Amino acid sequence: MSQETFTAPQVPEDPQDLLTPPNQPGARADSRPHMASAEHQEALDFPGALPSNWQDIALEHFEKLLERSRSLRVYLDSCVRCGACTDKCHFYLGTGDPKNMPAARQDLLRDVYRRHFTSAGRNFPSLVRGRELTQEVLDEWFVYFHQCSQCRRCSVFCPYGIDTAELSMAARELLDAVGYGQKYTNEIIGKVHKIGNNLGLPGPALEDTLEGLEEDLKDDTGHDIRIPLDEEGADILLVTPSADFFAEPHVDGLMGYAKVFHQAGLSWTLSSYASEAANFGMFIGNYEQMRAIAARIRKAAVDLGVKRIVIGECGHAWRVAYSFWNTLVGIGQGAAEDDEYARALQDQLDPNYPIPQHICELTADLLESGALHLDPSANEHYGGVTFHDSCNVARASRMGARPGGQLEIPRRLLRASVPRFYEMAPGTTGDATFCCGGGGGLLTDELIELRVQGALPRVSALRESMESYGVDRMVAICAICKAQFTKVLPYYDIPRETIMSLHEAVGNAVRLDRGEG
């Protein structure tokens with residue numbers, strides 16, 4: 001859909017004026033992503049079409065999910081529909097569709113659960129709002145569970161701590177199990193399994209791309225700054241989102257990483273075998289897909305003989321690495337040593353550093369130790385800079401040794417890199433941050449109108465900071481956030497160049513003349 005075919009929602013002058021919209025039943029009932037082809041489904045061992053016995057398959061798989069995840073059953077049993085989550089969802093605020101209220105969206109799954117997996121529902125379904133699993137239900141799941149970016153903002157305000165993301169992931173896993181996969185996510189997962197990154201960029205093309213970036217760095221700085229690939233014996237394996245290899249503003253972040261490594265004299269490499277930090281297996285809730293993607297990174301780390309694994313600027317990549325790698329593939333503190341690669345990696349990695357480590361942690365440590373020198377006047381040309389907390393970093397991970405480090409460390413780097421930093425409105429940052437509107441596997445063109453509507457709360461806070469403080473740049477440390485904002489900001493008459501990588505600002509400020517002969 002082109003920009004001219006619809007109008008973005010009206011942005012309130014004050015972010016505090018984001019009131020609960022009037023209900024518009026069915027407002028987004030026609031919003032659905034493209035379905036995965038049989039080829040994309042079968043490449044992931046999912047049915048290529050709806051099987052004749054799909055109800056049996058779905059209910060059997062639902063039971064397995066309930067056995068695997070005790071929390072899922074708790075979340076399905078706990079909701080009292082109190083309404084605390086109603087005005088917390090950016091998609092409900094942007095669309096007014098009542099099925100985008102988190103509790104109402106959950107009920108699409110919960111009603112089937114009550115019918116088939118509770119005693120009351122099996123005997124008296126109408127008393128507990130039990131619902132049969134029909135193809136109409138599947139169609140509704142496919143629509144509305146792809147209007148959840150799994151940002152978990154509603155969970156922050158839920159008095160029972162219900163994690164909507166886990167319910168969304170479960171619903172999508174059930175859909176995949178009966179052949180109702182989403183094209184965008186499943187096609188990308190297949191590319192990672194086959195080639196090693198979301199873009200399907202083969203090793204020789206990646207090598208050419210990195211050589212071109214090295215030439216750009218030489219032209220810009222006069223220094224021979226390398227972006228090494230597949231170098232055995234390097235100390236650090238950097239795993240970054242593949243958008244960093246060519247997309248704007250992502251590529252400027254990659255060049256910023258390279259400046260940091262160069263100035264600090266660190267030995268590092270990328271891997272052509274595992275050239276992707278993102279893990280779309282999380283978006284569809286499938287642990288087997290998550291494990292296979294993470295295992296490529298583990299194999300690359302062992303084969304290259306690195307001592308540290310560092311994750312670039314990608315929100316959900318950091319969440320998967322921080323929260324799942326240890327149990328998925330044995331990377332991390334206290335990880336299960338389930339096979340030879342896990343055992344080899346535990347012996348190989350340096351325990352003096354976090355396993356894994358975020359690029360912001362690494363850069364902040366270098367800055368604190370004096371190994372990195374930053375000059376904020378290099379970013380004097382920006383009128384003002386603000387920071388967008390990406391959901392999976394802010395609400396689903398940590399950095400550093402102290403709680404809240406994932407919020408404080410990026411800001412510490414930003415304040416050291418720019419002369420004028422301003423926070424957005426209270427209640428829109430930190431663990432209450434508003435989602436960009438494109439996460440959770442929704443970053444696909446057929447959902448652009450939904451994505452623009454979902455960006456409304458964040459755009460409201462951004463615009464207020466632009467008008468109040470002269471902010472002209474918003475920094476993010478998530479590849480999906482950066483891709484989403486470059487696409488949707490113009491719908492609100494905000495230049496796409498407003499969004500930038502944190503390590504672009506850091507890279508601009510790196511004093512390459514310090515520490516060299």
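Nothing here was measured: the structure is a model prediction, and the numbers come from that model. Positions are given from 1, in the same order as the sequence printed here.
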Can Thr444 and Glu446 be said to form a side chain to side chain donor-acceptor pair (under 3.5 Å), step by step? CA-CA 6 Å; Thr444 181; Glu446 66 267 25; 2.7 Å; yes
Side chain to side chain donor-acceptor pair (under 3.5 Å) between Asn23 and Tyr92: does it pass, once the steps are laid out? CA-CA 9 Å; Asn23 277 347; Tyr92 178 60; 2.5 Å; yes
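For the 3.5 Å distance criterion, the side chains of Gln182 and Arg172 fail to qualify, holding no donor opposite an acceptor. In this structure, a donor-acceptor pair under 3.5 Å is present between the side chains of Ser71 and Glu166. His250 and Glu313 share no side-chain donor-acceptor pair at under 3.5 Å. Counting only N and O atoms by type, the side chains of Asn197 and Ser275 include a donor and acceptor under 3.5 Å apart. Thr95 and Asn100 share a side-chain donor-acceptor pair at under 3.5 Å. Looking only at atom types and distance, the side chain of Thr164 has a donor-acceptor partner in the side chain of Gln106 under 3.5 Å away.
In this structure, Arg308 is positioned above the aromatic face of Tyr353, its NZ or CZ under 6.0 Å from the six-membered ring centre and within 45° of the axis. Figure legend: cation-pi geometry between Arg153 and Phe434, with NZ or CZ positioned under 6.0 Å from the six-membered ring centre and within 45° of its axis.
Residues in residues 65-74 take part in these salt bridge (charged side-chain N to carboxylate O under 4.0 Å, His left out) pairs, two or more places apart or across chains: Arg68-Glu173. Residue pairs meeting the side chain to side chain donor-acceptor pair (under 3.5 Å) criterion with at least one partner in residues 32-46, sequence neighbours excluded, are Ser37-His40, Gln41-Asn186.
Checked by atom type and distance alone, the side chain of His116 never pairs as donor or acceptor with a backbone atom of Val112 at under 3.5 Å. At least one donor-acceptor pair under 3.5 Å links the side chain of Arg105 to the backbone N or O of Tyr144. The closest donor-acceptor contact from the side chain of Ser323 to the backbone of Val320 lies at 3.5 Å or more, if one exists at all. The closest donor-acceptor contact from the side chain of Ser149 to the backbone of Gly439 lies at 3.5 Å or more, if one exists at all.
Heavy atoms from other residues, nucleotides or ligands lying under 6.0 Å from OH of Tyr160 number 12 at most.
Under 4.0 Å is where a charged nitrogen must lie from a carboxylate oxygen, and between Asp107 and Arg129 at least one such pair does. Under the 4.0 Å criterion applied to side-chain N and carboxylate O atoms, Arg152 and Asp431 are not assigned as salt-bridge partners. Under the 4.0 Å criterion applied to side-chain N and carboxylate O atoms, Arg296 and Glu276 are not assigned as salt-bridge partners.
Using cut-offs of 30° and 60° on the angle between ring planes, the pair Phe283 and His316 is tilted. Between Phe62 and Tyr113, the ring planes lie tilted relative to each other; the angle falls in the 30° to 60° range.
To the nearest 0.5 Å, the span separating CZ on Phe280 from CD1 on Ile189 amounts to 8.0 Å. His90 contributes atom NE2, which lies 11.0 Å from atom CZ of Arg458 (distance to the nearest 0.5 angstrom).
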